[in-house]
Amino acid sequence: MRAWPIPVVVAVTAGLVGPRLVAAPSRPSSEPFAYVPPDGFVERAATSSKVDATGAKAWEPGPAIAGEDAKTRPVVVVHHSKVAMQVDEPSLGKMVAEMPQAFDDCTWVHRRHETRVRADGARVGLIEGDCEREVDLGAVGMPSAKAKVRKLQLVFPENEGTAIATISYPVDQAPRWEPLFEATIDRSKGVATRVPPPPSWQHVAWGLGGLVLGGLAAALVRKKDRDET
């Protein structure tokens, strides 16, 4: 009779502990987070921008990048949140669902979202969409038109929370700017490694493996009991 709990105990223990034993550990960064924009971008003074006073920073093309119209030049704004967000499919999916409310001054059209893994193992989230807005051209005798702006959000885990870089640029300039801004995922410094919890299927797989091992152990105990009897 003493053998019957063994498979259950081993299966439950393996299912709870096993996935965490083999998962890469979370670890803080050795330095504060610092977003590194593409070459040629300069930090924009908060007094001359729409950046709020919560520690956010903004960048725009500097004099080294010529030919940029003030109305169409890309802009980067980095906000910081004290919430330690996970960078995984459920968390990014939740952010995607909140995009229409976050950009309520336009119509949000989702394009893609994914997780990028840096060379140091840190996970960074990426959300991309188009922000469509009606532009009234009646003053110049033309019908209304739709203006599209590409929005790229990068979600960086940091030691004290999460940094979110929101990047805006004209849709027709996406082939030029998109690869440069995506490269900042690896250029930026102070990104913490925050590993999401193991998926449910891993717990189930480890539990089934533990059940098999526990069954073998229980069979050995029952055999020993019979031999002793």
Q: Could you pull out the closest heavy-atom pair between Ala192 and Ala122, with the gap in Å?
A: O-CB, 3.6 Å
Q. Would you say Glu160 has more than 12 foreign heavy atoms packed within less than 6.0 Å of its CD?
A. no
Q) Would Phe33 and Asn159 count as a side chain to side chain contact (heavy atoms under 4.5 Å, CB included) if you check the C-alpha gap in whole Å, the side-chain angles of each, and the deciding distance to 0.1 Å? A) CA-CA 8 Å; Phe33 174 79; Asn159 292 345; over 6 Å; no
Q: Output the distance between atom CZ (Arg116) and atom CZ (Arg123), rounded to the nearest 0.5 Å.
A: 13.0 Å
Q: Treat each ILVMFWY residue as a node, draw an edge where side-chain heavy atoms are under 4.5 Å apart, and state whether Val75 and Val149 are in one component.
A: no
Q. Are Val76 and Thr166 close enough that some pair of their side-chain heavy atoms sits under 4.5 Å apart?
A. no
Q: Please report the shortest heavy-atom distance between Glu114 and Leu92, naming the atom on each side.
A: O-CD1, 3.4 Å
**Q.** Heavy-atom pair of closest approach, residues His80 and Ala163
**A.** ND1-CB, 3.8 Å
Q: Evaluate the side-chain proximity of Ser168 to Pro74: yes if any heavy-atom separation is below 4.5 Å, no if none is.
A: no
Q. Under 30°, 30 to 60°, or over 60°: which ring-plane class applies to Trp59 and Tyr35, parallel, tilted or perpendicular?
A. tilted
Q: Would you please test Cys131 and Lys151 for side chain to side chain contact (heavy atoms under 4.5 Å, CB included) and show each step?
A: CA-CA 7 Å; Cys131 206; Lys151 298 283 187 179; 4.1 Å; yes
Q: Using the side chain to side chain contact (heavy atoms under 4.5 Å, CB included) rule, take Met85 and Met95 through it: C-alpha gap first, then chi angles, then the decisive distance, then the call.
A: CA-CA 10 Å; Met85 296 174 53; Met95 287 188 65; 3.1 Å; yes
**Q.** Whether Phe181 and Tyr169 hold their rings parallel, tilted or perpendicular, with breakpoints at 30° and 60°
**A.** parallel
Q.
Determine whether a donor-acceptor pair (N or O, by modelled atom type, separation under 3.5 Å) exists between the side chain of Arg118 and the backbone of Ile185.
A. yes
Q) Would Glu182 and Leu126 count as a side chain to side chain contact (heavy atoms under 4.5 Å, CB included) if you check the C-alpha gap in whole Å, the side-chain angles of each, and the deciding distance to 0.1 Å? A) CA-CA 9 Å; Glu182 289 189 14; Leu126 182 153; 4.0 Å; yes
Q. Can you check salt bridge (Lys or Arg N to Asp or Glu O under 4.0 Å) on Glu178 and Arg112, steps first, answer last?
A. CA-CA 13 Å; Glu178 190 173 276; Arg112 59 175 174 141; 3.7 Å; yes
Q: Would you tell me whether His110 and Glu128 have side-chain atoms, one donor and one acceptor, within less than 3.5 Å of each other?
A: no
Q: Would you mind reporting whether Pro157 and Val191 have side-chain heavy atoms less than 4.5 Å apart?
A: yes
Q | salt bridge (Lys or Arg N to Asp or Glu O under 4.0 Å) assessment of Asp172 paired with Arg150 | A | CA-CA 9 Å; Asp172 58 358; Arg150 180 67 45 84; over 6 Å; no
Q | Donor-acceptor contact present, side-chain Thr184 to main-chain Pro37, <3.5 Å | A | no
(Q) How close do Val77 and Ala58 get, counting heavy atoms only, and between which atoms? (A) CG2-CB, 4.1 Å
**Q.** Sub-4.5 Å side-chain heavy-atom contact between Val78 and Phe156
**A.** no
Q: Could you tell me whether a side-chain N or O of Arg111 sits under 3.5 Å from a main-chain N or O of Leu152, the two making a donor and an acceptor?
A: no
Q.
Could you measure the distance from the NE2 atom of His79 to the CD atom of Gln153? Nearest 0.5 Å is fine.
A. 9.0 Å
Q.
Could you check whether any side-chain heavy atom of Glu31 comes within less than 4.5 Å of a side-chain heavy atom of Lys189, counting everything from C-beta outward?
A. yes
Q. If you take all heavy atoms of Pro179 and Ala174, which pair is closest and at what distance?
A. CD-O, 4.0 Å
Q | Any side-chain heavy-atom pair of Thr115 and Asp88 under 4.5 Å | A | no
(Q) Looking at Val36, is its backbone amide N or carbonyl O close enough to the side chain of Ser188 to form a donor-acceptor pair, meaning the two atoms are under 3.5 Å apart? (A) yes
Q) Just wondering, do Val155 and Val124 contact through their side chains at under 4.5 Å, heavy atoms? A) no
